[in-house]
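Input: a single structure, listed below in structure tokens.
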Protein chains: 2
Amino acid sequence: METTGRTDQERSADRRRRELLEAADRVVLRDGPGASMNAIAAEAGITKPILYRHFGDKGGLYKALAVRHTDALLDALRAALDAPAERRERVEATLDTYLAAIEANPQVYRFLMHPAEGTSGGEAGFDVGLHSAPLLRRLGEELAKVIEERVDLGPESALLARVWGHGIVGMMHAAGDWWLGERPCSRAQLVQSLADLLWGRLAAAGDRVGGPGF
Amino acid sequence: METTGRTDQERSADRRRRELLEAADRVVLRDGPGASMNAIAAEAGITKPILYRHFGDKGGLYKALAVRHTDALLDALRAALDAPAERRERVEATLDTYLAAIEANPQVYRFLMHPAEGTSGGEAGFDVGLHSAPLLRRLGEELAKVIEERVDLGPESALLARVWGHGIVGMMHAAGDWWLGERPCSRAQLVQSLADLLWGRLAAAGDRVGGPGF
DNA sequence: GACTCTCGTTACCGCAAGTAACAACGTTCT
DNA sequence: AGAACGTTGTTACTTGCGGTAACGAGAGTC
């Protein structure tokens, strides 16, 4: 079996691809997601058409970058999720892992979540991509106000209300987005499920047979 | 006092602005957020520079559009939030209002939340803006798997686990995003607050004095 | 009648995505 | 050896969009 022939090419192609991705990573993390293909090519020491041969179009390149980082984050989260501990501990470990990741590398996070913002320079380049944030932020703050006004949360109520406000809005948003795409159930059912979650059913539910549950 | 002089102009300018916004709305909802300024101008029956005189740049126009829709949605939500009822009922009403809104007008929703996707045509135009969704979706599905494996949720567990998976991920995401921007507390504190929320503290907390709480 | 101010136009610049056509080099087949 | 070929790279181009400058035409004002 001719192991070398095609394999060599594939290996070299893969290596090249990895090199290009790393260069792209550097540029994107430095210049923000608005980085031009020319800039990325220059950083990699080559010219545009090669990038296009490897990744098809700019979307392909960005997708490849996103997959890389997403995979890395997912691995870390799976580890936290699979650690041997009680449910609450796991939940906290997972939350902490996620938050630590975005805290440790905000650049990567911003690229994955808020593309088209421009990392350096003023807020000059508006462009699309940051309209969602304002809406969710406004909703979160609004809800925080209502919570703090109406629910007795003891000390630190101001902070807690804001955390919850943004958290609940995020929950609603993500679940709604997923639901809108897949339509896995009726609206009423979704509302019930989410309200149940908020009502502590996660804390109250028993473990499945065979070890500590999530 | 010369009431008419300047007021007339302002009124006509405002009316023009509203007309332009409505035209832009039509185009954006039809062609997706990738709609060009030329197309919007054409729909409004005029040419580009006028748009620029009114909105500064494309970001300004989009911002104006976003604010319009955001305000409308916020009003509806405030109404649900302020209705006289018990806390759980309010929560459900608010969730339902939000979901009904995005269900009734997915185009608007997609514009606000997932700009740069292209509404019609295949998934050809990748462009930036939809990298976040894959990550959050993957996280949500992953979490759903773990939940269903490990937590006993009774009947409909598959559906419930997915709703919760996406919901919890969304909560984590939104809270993390807000926290990363404002740094209102330590990471540990945020983790605690979110875990508390998930652990049913919202259900358990007492009302504040003076009426039914959120 | 000249002045100016707003609304509108055409024609342009710059820049980035994406592509076509071509040049050099190692492989392989005859 | 030498010809055909695929890979790797280039330069130079097209297309399209955001944004702007410069100009034109009415309507009110001194």
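Here the structure is a predicted model, which is why all the values come from computation and not from measurement. Within every chain, numbering begins at 1; the chains are lettered A, B, ... in the order of the sequence lines, protein sequences first and strands thereafter.
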Practice item. Mind calculating the distance between CG (B:Leu51) and C1' (D:dT20) to the nearest angstrom? Key: 14 Å
Review point. How many Å lie between CG on B:Leu61 and P on D:dC17, as a whole number?
Key: 16 Å
Check your understanding: In residues 36-48 of chain A, which ones come under 4.0 Å of DNA chain D, going by heavy atoms?
Key -> A:Ile46, A:Thr47
Name every donor-acceptor pair, under 3.5 Å, that has one atom in a side chain of residues 49-56 of chain A and the other anywhere in the protein, sequence neighbours excluded.
none

Revision key, fill the gap. For residues 94-107 of chain B, the salt bridge (Lys or Arg N to Asp or Glu O under 4.0 Å) pairs (sequence neighbours left out) are A:Arg183-B:Glu103, A:Arg187-B:Asp96, A:Arg187-B:Glu103
Point to revise | Partner set under ring pair (Phe, Tyr, Trp, His ring centres under 6.0 Å) for A:His173, not counting sequence neighbours | key: none
Check your understanding: Do side-chain atoms of B:Tyr109 reach the backbone of B:Ala104 as a donor and acceptor pair under 3.5 angstrom?
Key -> no
Check your understanding: Do any pairs count as a salt bridge (Lys or Arg N to Asp or Glu O under 4.0 Å) and have a residue in residues 171-180 of chain A, sequence neighbours left out, and if so which ones?
Key -> A:Asp177-B:Arg137
Review point. So does A:Arg53 reach the base of C:dG18 with its side chain, donor to acceptor, closer than 3.5 Å?
Key: no
Check your understanding: Roughly, in whole Å, what's the span from CZ in A:Phe55 to P in C:dT19?
Key -> 16 Å
Study note, to complete from the structure: Per atom distances to the A:Tyr52 side chain, the nearest of C:dG18, D:dT11, D:dG9 is C:dG18
Review point. Which residues satisfy the ring pair (Phe, Tyr, Trp, His ring centres under 6.0 Å) test with B:Trp178, sequence neighbours excluded?
Key: A:His166
**Study point:** Integer-rounded Å distance: C:dC15 C1' and A:Lys58 NZ
**Key:** 12 Å
Point to revise | d(CD1, A:Ile50; C1', C:dT19) in whole Å | key: 14 Å
Exercise for review: Write down the distance between CG (B:Leu20) and C1' (C:dC7), rounded to a whole number of angstrom.
Suggested key: 12 Å
Practice item. Could you tell me the separation between the CZ atom of B:Arg15 and the C1' atom of C:dT6, rounded to a whole number of Å? Key: 15 Å
Check your understanding: The side chain of B:Arg16 lies closest to which of these nucleotides: C:dG8, C:dT9, C:dG18?
Key -> C:dG8
